[in-house]
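See structure below.
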Amino acid sequence: SDPSSSRRGAFIVFEGLDRCGKSTQVSRLVERLEREGRQARLQKFPDRTTAIGKMIDAYLQSKADMDDHAIHLLFSANRWECAAAIKRDLAQGITVIADRYAFSGIAFSAAKGLPFDFCLQPDKALPLPDLTLYMSLPQEEASQRSQFGEERYETMTMQQATREQFGLVAQEVKRIHGEYRWTEVDARGTIEEVEERIRGLIGDLIEGVDGEISQLWV
Ligand code: 2DT
Ligand code: MG
């Protein structure tokens with residue numbers, strides 16, 4: 001019998017600063033899993049397609065202004081409205097790959113000056129990723145890549161502050177959930193080289209996971 005049939009899908013999150021190659025790697029991973037005949041779903045955060053997502057999109061494009069706390073809570077609400085679908089898919093054996101998650105939520109809002117603990121609270125009890133891969137690119141390499149876009153947060157100052165906050169988020173994940181749940185990926189090199197590293201780090205998670213999904217920050 002196939003042991004994987006009784007397992008739930010893995011919940012794998014990709015995090016990192018802008019221009020680290022995250023979205024490229026996420027789509028390549030989902031495509032590869034599908035080519036191999038596995039069920040996989042890409043979940044982008046923010047999910048700009050929902051009603052809440054449209055408010056977030058307007059904010060990011062500077063078409064709307066919002067209080068820092070309010071937009072922080074909307075990013076979190078945007079995850080909560082997707083949480084049931086993520087859990088349902090995992091239970092059906094589908095691997096869910098997220099492009100950003102609650103960790104971006106904390107890092108970006110804390111970089112703007114909101115208290116770290118305030119930033120963490122609204123995401124408490126969301127599905128806990130089995131693995132978060134933080135794609136790490138040194139400042140110098142990042143600035144050699146293509147120019148930043150037009151969106152809010154896509155500035156050198158903001159990226160630098162967010163980089164520091166991601167370091168604190170990593171510590172917190174490891175302290176509360178264990179070292180193995182957060183792994184840094186060297187994002188330098190070609191797309192294929194980085195893809196190979198990611199493949200190695202994910203290992204047999206794509207075969208499924210035993211046991212219920214846990215809760216974030218609980
Ligand atoms: P993309 O460029 O990946 O579409 O992200 N962000 C994201 C937050 O400030 N809080 C969050 O909770 C999330 C998920 C990061 C758009 C920007 O939104 C930021 C970059
Ligand atoms: Mg962006």
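When a residue number appears, it is its place in the shown sequence, counting from 1. When a ligand or atom number is given, it counts from 1 through the structure's own listing order.
Clustering ILVMFWY residues whenever any of their side-chain heavy atoms sit less than 4.5 angstrom apart, transitively, puts I56 in the very cluster that holds M158.
Counting only distance, with no hydrogens or angles, the side chain of S76 and the backbone of H72 share no donor-acceptor pair below 3.5 Å.
The residues E31 and R28 are annotated as not salt-bridged, no charged nitrogen and carboxylate oxygen being separated by less than 4.0 angstrom. Residues R145 and E141 are not paired through a salt bridge, judged by the lack of any N-O separation under 4.0 Å between the basic side chain and the carboxylate. With respect to the salt-bridge test (charged N to carboxylate O, under 4.0 angstrom), the residues E212 and R8 do not qualify.
Remark: E207 CD to R7 CZ distance equals 7.5 Å, nearest 0.5 Å.
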Any protein N or O within less than 3.5 Å of an N or O in ligand 1? List each pair with its distance, or say none.
unit_1, atom_1, unit_2, atom_2, d
ligand 1, 3 (O), K44, NZ, 2.7
ligand 1, 3 (O), R100, NE, 2.7
ligand 1, 4 (O), K44, NZ, 3.1
ligand 1, 4 (O), R48, NH2, 2.8
ligand 1, 5 (O), R100, NE, 3.3
ligand 1, 12 (O), R79, NH1, 2.7
ligand 1, 12 (O), R79, NH2, 3.3
ligand 1, 12 (O), G105, N, 3.4

